[in-house]
Amino acid sequence: MFNSLAGKALVPVGLAVTGFMVVCCLILYSVIRDDLHRGEIVHATNLADTVLKSTRYAMHKSDRETLATIIRNVGEQKGVDHVRIFNKKGIVTFSAKPGEINRQVNKNAEGCVVCHKGAVPVTNLGTMEQARTFRNPDGMDVMAITAPIYNDPNCSNAACHVHLPDQKILGTLDIGLSRTELERSLTMLRIQMIIFTLMSLILTVSGVTALLRRNVFLPVQRLRNYVENSAKKNIIPEPPPHLPHDLDIIASIYYNEKMNTADKKQNSEVTEN
């Protein structure tokens with residue numbers, strides 16, 4: 001098969017189309033995955049900002065019960081893995097999971113070390129730097145956002161608070177979202193792209209094969225049959241009609257050469273007689 005004209009024509013085409021489709025699908029999948037990941041981070045950041053704005057009034061009033069209720073209600077939402085607030089010392093003061101309260105957070109843990117890697121903690125991070133992904137104890141992938149709680153005049157001037165005006169960070173909100181739905185969407189996307197690639201490959205190769213067969217393989221086969229039949233018969237037939245231009249020229253040259261050879265042979269026989 002690989003030594004035939006069809007094999008030499010179709011195999012490279014099939015390989016080229018397969019490679020092109022695979023590379024394009026990989027690039028497209030990578031772009032879509034990164035875009036979904038950025039959208040996930042933006043969604044988590046907006047949720048964290050909403051929680052901070054919702055709890056700010058309760059913080060100003062030192063209403064710990066309302067604050068705890070807000071954190072608990074947010075933590076009960078579908079897709080939310082955890083919601084917690086810890087103070088400047090890294091102690092969890094509010095959490096949707098009661099067992100986490102008063103627990104000391106490790107500053108070297110992922111999500112904390114970004115700010116605490118230097119001698120002086122970093123107080124400003126970009127949206128992408130605030131995000132981190134990890135696997136929780138239940139084996140579920142989680143994307144979390146760490147958002148600092150900044151000091152403002154309403155905090156430092158409140159009668160119930162002891163926050164100096166030069167204290168920039170009062171604490172940190174840590175909120176994590178399950179990545180189960182995102183991973184499910186990416187899995188479905190991979191399956192759909194594989195099916196699309198296979199369908200495109202089959203249709204492309206089938207179409208190219210049909211066109212080559214009609215425009216190349218069949219005319220070449222007709223020319224081959226013409227040459228083989230002409231070599232076996234004493235009568236030289238006319239070239240087959242409706243050949244492609246190049247093949248028609250080859251058939252005409254072959255026919256003329258055969259006719260010239262036959263005429264020379266006939267003249268030679270006449271001369272000898």
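- Put simply, the side chain of His37 does not reach to within 4.5 Å of the side chain of Leu186, judged on heavy atoms.
- When all heavy atoms of Pro148 and Leu52 are compared, the closest pair comes out as O-CD1, 4.1 Å.
- Considering every non-hydrogen atom in both Pro240 and Tyr226, the closest pair reads CD-CG, 3.6 Å.
- For Ser30, the side chain to side chain contact (heavy atoms under 4.5 Å, CB included) partners are Arg33, Asp34, not counting sequence neighbours.
- Between Asp141 and Thr133, the closest side-chain pair of non-hydrogen atoms is not below 4.5 Å.
- Under the 4.5 Å side-chain heavy-atom criterion for Ile, Leu, Val, Met, Phe, Trp and Tyr, Met143 and Leu182 are members of distinct hydrophobic clusters.
- Annotation for Arg103: atom CZ counts as buried by contact number, over 12 foreign heavy atoms lying within 6.0 Å.
- Distance NE2/His242 to CG/Asp248: 10.5 Å, rounded to 0.5 Å.
- Rounding to the nearest 0.5 Å gives a distance of 8.5 Å between CE of Met140 and CZ of Phe134.
- In this structure the side chain of Ile149 never reaches within 4.5 angstrom of the side chain of Thr55, judged on heavy atoms.
- When all heavy atoms are compared, the tightest approach of Ala44 to Ile145 is CB-CG1, 3.4 Å.
- From Leu28, atom CG reaches atom CG of Leu189 across 7.0 Å, with rounding to the nearest 0.5 Å.
- Here Lys97 contributes atom NZ and His82 contributes atom NE2; the two are 7.5 Å apart, rounded to the nearest 0.5 Å.
- In this structure, the side chains of Leu211 and Val216 stay at 4.5 Å or more apart for every pair of heavy atoms.
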*From CA spacing to verdict: side chain to side chain contact (heavy atoms under 4.5 Å, CB included), Thr50, Lys53*: CA-CA 5 Å; Thr50 301; Lys53 291 179 179 179; 5.9 Å; no
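- For the pair Asn46 (side chain) and Val42 (backbone), a donor-acceptor distance under 3.5 Å is present.
- Here the CD-CG distance, from Glu40 to Leu177, works out to 7.0 Å after rounding to the nearest 0.5 Å.
- Side-chain atoms of Val51 and Ile71, non-hydrogen and from C-beta on, do get closer than 4.5 Å to each other.
- Nearest approach of Ala48 to Ile175, heavy atoms of both residues: CB-CG2, 3.8 Å.
- Scanning for side chain to side chain contact (heavy atoms under 4.5 Å, CB included) contacts around Asn87 gives Lys89, Ile91, Thr93, with sequence neighbours left out.
- For the pair Glu181 and Arg184, the minimum side-chain heavy-atom distance is below 4.5 Å.
- In this structure the side chain of Arg213 reaches within 4.5 angstrom of the side chain of Leu218, judged on heavy atoms.
- In this structure, Asn225 contributes its side chain and Gln221 its backbone to a donor-acceptor pair below 3.5 Å.
- In the hydrophobic clustering of ILVMFWY residues, with side-chain heavy atoms under 4.5 Å counting as a link, Leu212 and Leu243 come out together.
- The closest side-chain heavy-atom distance from Ser178 to Glu183 is not below 4.5 Å.
- Cluster membership check: Val208 shares its hydrophobic cluster with Val220, using side-chain heavy-atom separations under 4.5 Å among Ile, Leu, Val, Met, Phe, Trp and Tyr.
- Among all heavy-atom pairs drawn from Phe86 and Asp174, the shortest one is CE2-CB, 3.8 Å.
- Heavy atoms from other residues, nucleotides or ligands lying under 6.0 Å from CD of Glu65 number 12 at most.
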When the side chains of residues 190-204 are checked against the rest of the protein, which donor-acceptor pairs come out under 3.5 Å, sequence neighbours left out?
from   : atom 1 : to     : atom 2 : distance (Å)
Arg190 : NH1    : Tyr29  : OH     : 2.6
Arg190 : NH2    : Thr187 : OG1    : 3.1
Thr197 : OG1    : Met193 : O      : 2.7
Ser200 : OG     : Phe196 : O      : 2.9
Thr204 : OG1    : Ser200 : O      : 2.6

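- Of all the heavy atoms in Leu223 and Ala251, the pair that sits closest is CD1-CB, 3.7 Å.
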